[in-house]
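Remember, it's 1-based here, ligands and their atoms both numbered in the order they're listed. Here the structure is a predicted model, which means the values were calculated and not measured.
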Amino acid sequence: MPLVTSKAMFEKAYAGKYAVGAFNVNNMEIIQGIVEAAKEEKSPLILQVSAGARKYAKHIYLIKLVEAALEDSDLPICLHLDHGEDFDICKACVDGGFSSVMIDGSKYSFEENIALTKKVVDYAHSKGVVVEAELGRLAGVEDAVKVNSADATYTDPDQAVEFVEKTGVDSLAIAIGTSHGAYKFKGKPELDFARLEKISSMLPNFPLVLHGASTVLPEFVAKCNEFGGNIAGAQGVPEEMLLQAGQLGVCKINIDTDLRLAMTASIREHLANHPADFDPRQYLKPAREAIKNMVKHKIRNVLNSSNRL
Ligand code: G3H
Ligand code: 13P
Ligand code: ZN
């Protein structure tokens with residue numbers, strides 16, 4: 001099975017009012033855990049690679065691991081660049097075998113974001129690759145991007161329409177109150193659903209993307225803390241809010257923090273309970289299983305994407 005773009009996935013998700021999970025990958029165990037879950041759930045799947053992941057694992061290793069996953073699983077998988085910060089990284093991923101790229105021009109002015117996104121769209125489309133862009137700014141930390149909550153701005157619906165028209169982009173990440181990382185809300189979680197509804201109604205049949213959409217599962221935070229971690233005050237997006245977003249035109253839901261927490265909780269628990277173990281397979285095997293179970297839970301309860309192939 002070759003890589004696929006997200007085009008057909010998003011069309012089905014939009015019509016079926018569910019979302020496709022986009023999971024960040026950095027190594028073999030993470031890829032295997034996610035892919036096994038999607039295969040068992042018969043779910044569409046996007047694997048995404050950040051600039052940091054490319055730096056950590058190298059483009060060639062990630063591509064080859066995803067090729068192995070395609071061959072081994074026979075699943076249609078979309079391979080996506082997450083938060084491409086300039087034309088060059090998008091071009092490298094288009095030329096290097098990805099089927100989808102994100103150009104994140106959200107830190108630029110509206111006009112500069114349009115110009116940069118359009119340049120990436122023109123190049124990517126000429127090679128059959130789809131493009132996601134971002135309008136509005138999420139708070140939180142990414143490898144290359146750090147945004148204070150004061151600098152975060154929600155997406156303007158009129159601008160969203162103009163942006164999509166002028167760039168020809170295939171999907172758009174919007175800011176409605178989510179943020180990257182494990183600390184998303186200080187008090188009660190709140191997302192601006194009125195804004196999402198407005199954007200969605202002004203861009204009918206157009207796939208929207210929600211970044212910063214980990215739920216920060218309390219069981220993993222508790223396990224990390226129980227076995228020597230120090231993750232205080234972590235809070236994610238409630239599951240029911242993500243299900244609601246899936247009904248309102250959000251076709252792609254980005255999840256990284258929950259993978260990190262599931263893996264780290266499992267490794268911490270294993271090493272605390274088996275202090276004599278030092279073979280990495282002894283703790284990476286349960287960590288891979290923890291990822292698989294967590295992703296299956298997401299597919300069933302948050303994305304609603306089981307049996308959608
Ligand atoms: O949105 C960012 C993702 O969580 C990727 O994080 O840049 O540290 O790999 P990273
Ligand atoms: P989380 O930090 O909520 O997992 O978001 C990940 C993300 O948006 C990757 O682009
Ligand atoms: Zn993101």
Side-chain angles (χ1 to χ4, degrees), residues 6 19-27 30-31 33-34 45-59 61-62 78-86 89-90 93 98 100-107 131-147 149 152-153 155 171-185 189 191 207-218 220-221 224 231 233-239 241-242 245 250-265 291 294-295 297-299 302-303:
S6 49
V20 180
F23 297 93
N24 285 73
V25 298
N26 295 278
N27 69 14
I30 297 173
I31 293 174
I34 297 165
L45 176 63
I46 298 170
L47 295 177
Q48 56 186 12
V49 168
S50 67
R54 273 178 98 240
K55 210 158 48 186
Y56 172 77
K58 284 196 180 176
H59 185 101
Y61 283 83
L62 293 168
C78 169
L79 179 60
H80 174 75
L81 167 68
D82 191 28
H83 293 284
E85 67 163 347
D86 53 32
I89 189 171
C90 292
C93 288
F98 283 41
S100 175
V101 293
M102 175 187 190
I103 175 68
D104 182 355
S106 61
K107 64 174 180 282
V131 180
E132 172 187 328
E134 180 167 325
L135 189 61
R137 294 204 83 185
L138 273 70
V141 188
E142 289 152 32
D143 198 52
V145 193
K146 192 170 178 181
V147 185
S149 46
T153 40
T155 308
S171 61
L172 185 67
I174 50 154
I176 57 163
T178 60
S179 57
H180 292 107
Y183 306 94
K184 300 191 190 296
F185 303 100
L191 296 185
L208 301 174
V209 178
L210 202 56
H211 282 244
S214 277
T215 54
V216 187
L217 288 134
F220 296 128
V221 175
C224 283
I231 305 172
Q235 197 184 175
V237 183
E239 291 187 348
M241 287 193 181
L242 296 169
V250 169
C251 296
K252 174 173 179 271
I253 282 188
N254 282 14
I255 300 168
D256 188 3
T257 298
D258 284 334
L259 294 162
R260 297 175 178 188
L261 288 169
M263 187 164 205
T264 302
I291 284 178
M294 187 279 287
V295 172
H297 172 86
K298 293 278 173 194
I299 288 172
V302 176
L303 303 162

Identity of the nearest option to atom 9 (C) of ligand 2, non-hydrogen atoms only, from Thr257, Asp256, Asp82, Asp104:
Asp82
Within less than 4.0 angstrom of ligand 2, does Lys184 place any heavy atom?
yes
For ligand 1, which atoms sit closer than 4.0 Å to a heavy atom of Asp256?
3 (C), 4 (O), 5 (C), 6 (O)
Taking the N/O/S atoms of His211 one by one, which is nearest to the Zn ion (ligand 3)?
ND1
Taking the Zn ion (ligand 3) as the apex, His83 NE2 and His180 NE2 span an angle, rounded to 10°, of 100°
Backbone or side-chain N or O of His83 under 3.5 Å from ligand 2 N or O
yes
Subset of ligand 1 atoms that lie under 4.0 Å from at least one heavy atom of His83:
1 (O)
With heavy atoms only and a cut-off of under 4.0 Å, state how Asn24 meets ligand 2: side chain, backbone, both or neither.
side chain
Salt bridge (charged side-chain N to carboxylate O under 4.0 Å, His left out) involving Asp82 - partner list, sequence neighbours excluded
none
Record the part of Arg260 in heavy-atom contact with ligand 1 below 4.0 Å; permitted values are side chain, backbone, both and neither.
side chain
Can you confirm, on distance only, whether ligand 1 has an N/O atom lying under 3.5 Å from any N/O atom belonging to Ser50?
yes
Side chain, backbone, both or neither: which part of Ala213 has a heavy atom under 4.0 Å from ligand 2?
backbone
Which residues pass the ring pair (Phe, Tyr, Trp, His ring centres under 6.0 Å) test with Phe23, sequence neighbours left out?
none
